[in-house]
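Every chain is numbered from 1 and lettered A, B, ... according to where its sequence line falls, protein lines coming before strand lines.
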Amino acid sequence: MKTGHVSMTLKVLYAITALVVIAGAVLALSTPPEAVQRTYARILHIHVPSAWLAFLAFGVTAFGSVMWRLRRRLAWDRLAASSAEIGVLFTGLAIVTGAIWGRPVWGVFFDWGDARMASTAVMFLVYLGYLALRRYSPSPEAAANRASILGIVAVIQVPLVYFSVNLFRTLHQTQSIRPDGATMDRSMVAALLVNLAAFTLLYVSFLAARMIVAREEARLVAARPVAGAAVISPPGLSDA
Amino acid sequence: MTGFWFQARVIARNELLVERRGGETFSLVLPFALAALIMIPLAIGVDQPTISRLGLPAFWVVTLLFGMQIAWRQTTATDHAVRDQIRLSGLDPAAGFAGRAMANLILLVGFMGVSLVLTLLLYTPPAIDNWPAFTAALVLFAIGLSVISTLIADLTLGLSARAGLAPLLVAPLALPLLFAGSRVAELAGEAAISRPGGILAWLLVLVLVDLIGVIAGVLSARPLEETLG
Amino acid sequence: MEPLVSLRNVALSTPSFSILQPITLTIEAGSAIAIVGPNGAGKSTLLRVLATLAPPTEGDGEVLGAKLGSREVLGVRHRIGLAGHLPALSAGLTLGENLSFYARLAGISEDRVEPALESVGLGGARQRRAIDCSAGMRKRADLARLLVDCADLLLLDEPTDTLDRSARPIVDQLILRTLSKGGTAVVVSHDRENLGDDIHRVYALENGTLA
């Protein structure tokens with residue numbers, strides 16, 4: 001693939017993503033207001049998919065980390081790293097939208113008694129640390145080696161965050177879509193599902209773009225000067 | 001070649017000897033932690049009931065934030081040439097991790113002992129009724145923090161930004177220890193002795209975090225050594 | 001007999017630099033070789049490759065029968081004796097404590113530490129902390145460490161740097177002892193003139209290329 005050239009497949013992906021995102025936005029804005037929370041509840045269509053995407057992204061990071069450990073191909077590490085960046089972005093979005101939603105509904109931006117909010121904040125910090133670890137590692141191989149370990153250990157948090165609302169009785173509501181059915185109105189469920197699909201496509205689009213950039217970054221370091229070429233015999237001292 | 005636990009003990013003994021000479025934990029880290037314990041009530045003011053109530057929570061937070069620094073004090077692993085020789089000695093990397101974690105644990109227990117005594121003096125927190133549970137929480141907290149901080153110390157070894165990066169990594173990973181430890185302390189107080197089941201659940205959380213830390217540390221020891229070449 | 005060291009097109013690069021160009025090298029057991037070159041030639045890096053501490057990024061090879069870059073090297077590392085450019089001493093520990101630590105780790109009796117320090121002229125400095133010793137004393141102590149055990153593959157990086165003239169025979173003693181037990185010695189240096197009489201062959205390393 002030439003540098004700067006985007007394949008037809010990716011163009012189609014981006015186009016479909018844009019369409020689904022627009023459809024999701026339209027549906028989110030056109031569903032009837034929620035009975036108690038009124039229009040504040042519409043932020044659900046960003047908040048819930050953001051959280052879902054964060055879980056998916058960190059799961060993919062763990063998967064990429066495991067595959068790097070098994071296969072030692074840096075492409076797997078680039079997958080892990082790219083996915084973690086996107087996961088941090090969506091976790092931040094989930095926290096911010098949760099805070100915006102929480103203020104009018106619960107009276108506080110951030111309730112420390114809420115297990116899901118607290119555990120999500122912790123997860124955010126852990127993956128910020130993951131990105132920092134990668135940034136300060138001296139080489140791609142060293143970054144891959146260290147970060148893959150953290151990427152595998154840190155994914156334990158994902159199920160902990162997801163099930164925290166079930167383990168601890170707190171302000172945060174439990175899952176709205178469960179195996180035994182949904183607790184929301186059908187139109188809201190439909191809008192939510194479309195937005196979940198939209199965010200998933202956004203994730204895939206971001207991931208594809210980020211991995212292309214990462215691959216080009218790796219190519220740039222392929223042409224390396226010889227280390228010793230910078231050293232020469234010192235010129236003779238002139239008679240002063 | 002020597003056995004796993006023999007090697008771990010040799011490493012632990014050497015780390016403690018280096019610490020005895022350098023004295024970083026008890027002459028630098030501990031005084032800084034004590035300064036923090038003093039600053040908190042000064043910032044609160046003369047509200048004694050609030051200060052008392054904040055005593056044990058302050059102890060846990062200070063122990064976590066400052067106790068973790070024990071793991072990245074000057075050790076034999078800090079010197080590149082010494083690290084090379086340790087690798088060449090045939091040391092099992094997992095035994096190296098175990099030895100360093102054991103040394104860190106011993107130092108952390110000493111650190112926590114002094115910090116706790118000072119917390120009791122400075123804050124006069126509510127009485128603890130269930131001392132066995134509280135002591136168990138202290139020990140499990142110490143084990144968890146020492147293995148997590150040792151793992152992160154190994155993960156960040158040789159990085160220029162280690163001083164800032166390591167705490168950033170340890171703090172969120174160790175938060176379950178803080179949460180569970182402070183819940184045990186709360187339940188172990190006089191008013192809560194009727195809820196033993198609750199204490200047990202939080203102690204189990206501590207045990208679980210400790211186990212995850214030990215497993216992660218042991219399994220990652222050999223792969224991490226590969227980055228040192 | 002299998003060579004003790006066999007490198008085939010071994011190269012080593014970092015993301016920023018190529019340090020070693022493809023190198024092919026065979027070293028037989030019972031031989032002492034020297035690798036000389038200017039600053040920045042890659043001598044210390046080549047020594048780390050031979051010590052199995054730095055896996056090559058290209059090529060393959062074996063050291064003491066273990067494939068470079070594989071887990072096999074863990075089984076042979078204890079047979080390698082390395083005196084790197086900087087002495088492997090913990091600054092806060094005494095010279096005796098430093099050597100005792102390595103002896104204990106290797107499962108060797110600590111009784112060997114004192115004679116080793118005496119043979120390098122540091123018998124009276126056993127209780128002195130490494131940080132309180134001069135660079136030359138630390139170098140001697142590092143060489144004494146190699147006398148506590150006997151390696152099959154002895155690797156010395158600029159061994160006579162910081163040593164005074166009276167201490168230079170220590171290096172010859174180490175090399176001869178290794179050769180007498182069927183081992184191999186590799187010395188890297190920027191100083192071709194002061195290699196000693198026990199070297200069988202000299203290679204030149206420049207800009208990562210071996211000649």
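In terms of heavy-atom proximity, B:L224 sits nearest to A:R146 at CD2-CG, 4.1 Å. Minimum heavy-atom separation, B:P223 to A:I149: CB-CD1, 4.2 Å.
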* **Steps toward side-chain contact (heavy atoms from CB on, under 4.5 Å) verdict (B:L173, A:V122)** => CA-CA 8 Å; B:L173 290 173; A:V122 171; over 6 Å; no

* Asked: Does the pair B:L168 and A:L133 meet the rule for a side-chain contact (heavy atoms from CB on, under 4.5 Å), with working shown?
  -> CA-CA 10 Å; B:L168 175 62; A:L133 179 64; over 6 Å; no

* To do: Take A:R135 and B:L165 through the test side-chain contact (heavy atoms from CB on, under 4.5 Å) and record every step on the way to the result.
  => CA-CA 10 Å; A:R135 185 193 156 122; B:L165 181 58; over 6 Å; no

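For B:L155, the parts lying near chain A are the backbone and the side chain together; criterion is any non-hydrogen pair under 4.5 Å. Using a 4.5 Å cut-off between heavy atoms, A:Y130 contacts chain B through its backbone alone, with no side-chain atom that close. Only the side chain of A:R69 comes within less than 4.5 Å of a heavy atom of chain B; its backbone N, CA, C and O stay farther away. Looking at A:I156, the atoms closer than 4.5 Å to chain B (heavy atoms on both sides) all sit in the side chain, from C-beta outward. If you measure heavy-atom distances from A:V153 to chain B, the contacts under 4.5 Å come from the side chain alone. If you measure heavy-atom distances from B:I212 to chain A, the contacts under 4.5 Å come from the side chain alone.
Crowding of B:F4 atom CZ: a count of heavy atoms from other residues, nucleotides or ligands under 6.0 Å exceeding 12.
Highest contact tally toward chain A, considering only B:L169, B:V170, B:L219, is held by B:L169 [criterion: heavy-atom pairs under 4.5 Å].
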